[in-house]
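Numbers for residues simply follow the sequence, beginning at 1. Remember, predicted model here, so these are calculated numbers, not experimental data. Side chains included, hydrogens not; waters and symmetry mates left out as well; all remaining heavy atoms used.
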Amino acid sequence: MSIPDLTHATRDADAALGALIDAVRPLPADAGSAPSSLPGWTLGHVLAHVANVAAALARQAEYAARGEKVAPYDGGKAGRDAAIEAGSVRTTAEHVEALTAARGRLAAAWPDPADRDAWSAPVAYRDGVLADALLAWWREARIHAVDATAGLGDRAIGYDSWDDAFRAHLRDFLAVRLPGPQDGGDAAAVELVGDPHDVAAWLAGREPRGAVSAARDGVAVPLPELGPWPSAAAPTR
């Protein structure tokens, strides 16, 4: 498994959030009520989730800097879901304000990328270390920037915004969604075929722009059924 560069992950996640803010800012005040590409969620739900998860992961960094651990969300998953519902009804200006505030909080919370001790500090998120929280934010920012702006025409942020480093990280992280020997399959022998952006999108449970197929020893086989997102407590979106 490749180890992502934390400096790049920090900068690219911030760029994704900045691009999302810029794409949303000119929208009508009630744009949040429009349906999103995620089933059951409006654009407002997606934007509220991005702002909330940014704050949750910034909090992981803030507590880690004090040698403490705290749950990402007050009230667990129920608290997370309630906060998304409450934030989903914001006006566009309020969404932009919340996203901008979260961006500033993250910038202040992340330690210097060269501070190995700080990035190795334990956090409650996934019972991991702070670097895990950063990588989670990188995934959230890049994936949801595409989700939120789908259908916005020239303002849409596409899969082409996922660079080589992000796609490699996403494929490493999501490889557990493919069936392995314990599932009666042989994931190592199955090759996913398609544009790298489309393969990464498919692994993330998104609709790829182009075709994704599978092959074993050069022979086409059906695409495997994806397993759950790699966390017992992971959100469904």
Side-chain angles (χ1 to χ4, degrees), residues 4 6 9-10 12-14 16-18 20-21 24 32-33 36-91 94-111 118-148 169-170 173-174 176-177 204-206 227-237:
L6 297 183
T10 304
D12 193 54
D14 179 70
L17 182 55
L20 176 58
I21 292 170
V24 170
S33 62
S36 78
S37 62
L38 298 180
W41 270 14
T42 64
L43 171 59
H45 284 97
V46 181
L47 297 177
H49 172 55
V50 173
N52 292 352
V53 74
L57 295 173
R59 186 164 79 154
Q60 297 297 288
E62 292 160 356
Y63 273 74
R66 303 197 296 265
E68 302 175 24
K69 294 168 67 174
V70 66
Y73 296 98
D74 291 328
K77 185 179 183 302
R80 165 194 175 272
D81 293 347
I84 292 171
E85 287 296 332
S88 68
V89 298
R90 293 172 180 144
T91 65
E94 290 169 339
H95 281 300
V96 168
E97 181 180 5
L99 292 167
T100 302
R103 188 183 189 189
R105 184 175 176 182
L106 282 165
W110 297 132
W119 289 109
S120 298
V123 296
Y125 176 78
R126 295 183 187 270
D127 287 325
V129 296
L130 185 58
D132 299 318
L134 168 63
L135 297 179
W137 168 240
W138 193 20
R139 295 189 296 270
E140 294 284 338
R142 273 293 166 208
I143 292 172
H144 286 313
V146 175
D147 293 335
H169 166 63
L170 205 58
F173 180 74
L174 297 178
V176 295
R177 302 193 76 186
R206 269 59 182 176
W229 198 266
S231 172
T236 57
R237 297 180 177 85

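Considering OG1 of T10 and CG of L134, their distance stands at 4.0 Å, rounded to 0.5 Å. To the nearest 0.5 Å, atom NE2 of residue H144 and atom OG of residue S37 are 9.5 Å apart. L174 CG to R139 CZ: the interatomic distance, rounded to the nearest 0.5 Å, is 7.5 Å. Taken from CD1 in I143 to CG in L170, the straight-line distance is 5.0 Å, to the nearest 0.5 Å. One finds the CG atom of L57 at 11.0 Å from the CD atom of E62 (value rounded to the nearest 0.5 Å).
Using a 4.5 Å heavy-atom cutoff, the side chains of R206 and V146 are not in contact. Within the 4.5 Å cutoff, the side chain of W137 has heavy atoms near those of the V53 side chain. Contact of the T42 side chain with the S33 side chain is not registered, since no non-hydrogen atoms from C-beta on lie closer than 4.5 Å. Looking at heavy atoms from C-beta onward, L99 lies in side-chain contact with V50 at the 4.5 angstrom threshold. Proximity of L38 to H45: side-chain heavy atoms (C-beta onward) are nowhere separated by under 4.5 Å.
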*asked:* Run the side-chain contact (heavy atoms from CB on, under 4.5 Å) test on R80 and N52 for me, step by step, so that the C-alpha distance in whole Å, both residues' side-chain angles and the decisive distance to 0.1 Å come before the verdict.
replied: CA-CA 8 Å; R80 165 194 175 272; N52 292 352; over 6 Å; no
*asked:* Applying side-chain contact (heavy atoms from CB on, under 4.5 Å) to W41 and I84, what does each step give before you reach the verdict?
replied: CA-CA 10 Å; W41 270 14; I84 292 171; 3.9 Å; yes
*Report the C-alpha separation of I21 and T100 in whole Å, then their side-chain angles, then the decisive distance to 0.1 Å, and conclude whether the side-chain contact (heavy atoms from CB on, under 4.5 Å) test is met.*
CA-CA 7 Å; I21 292 170; T100 302; 3.8 Å; yes
*Could you please spell out the steps behind the side-chain contact (heavy atoms from CB on, under 4.5 Å) verdict for W229 and R177?*
CA-CA 7 Å; W229 198 266; R177 302 193 76 186; 3.8 Å; yes
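Shortest non-hydrogen contact noted between Y125 and A136 is OH-CB, 3.2 Å. Contact detail for A9 and L135: the closest heavy-atom pair is CB-CD2, 4.1 Å. For the pair G87 and A48, the tightest heavy-atom approach, listed with the atom from each and the gap, is C-CB, 3.6 Å. The shortest non-hydrogen separation linking A51 to R90 is CB-NH1, 4.3 Å. Taking every heavy atom of both residues into account, A121 and A64 meet most closely at CB-CB, 4.0 Å. The shortest heavy-atom contact between L106 and A54 is CD2-O, 3.5 Å.
Heavy atoms from other residues, nucleotides or ligands lying under 6.0 Å from CD of E97 number 12 at most.
With V96 as reference, V24 is the one residue of L20, L47, V24 to meet the side-chain contact (heavy atoms from CB on, under 4.5 Å) rule.
Remark: side-chain polar atoms of D81 are not paired, donor with acceptor, to backbone N or O of A78 under 3.5 angstrom. Judged by distance alone, with hydrogens and angles left aside, the side-chain atoms of Q60 form no donor-acceptor pair with the main-chain N or O of L130 at under 3.5 Å.
Ring orientation note: the planes of W138 and H169 are close to parallel, at an angle under 30° on the 30°/60° scale.
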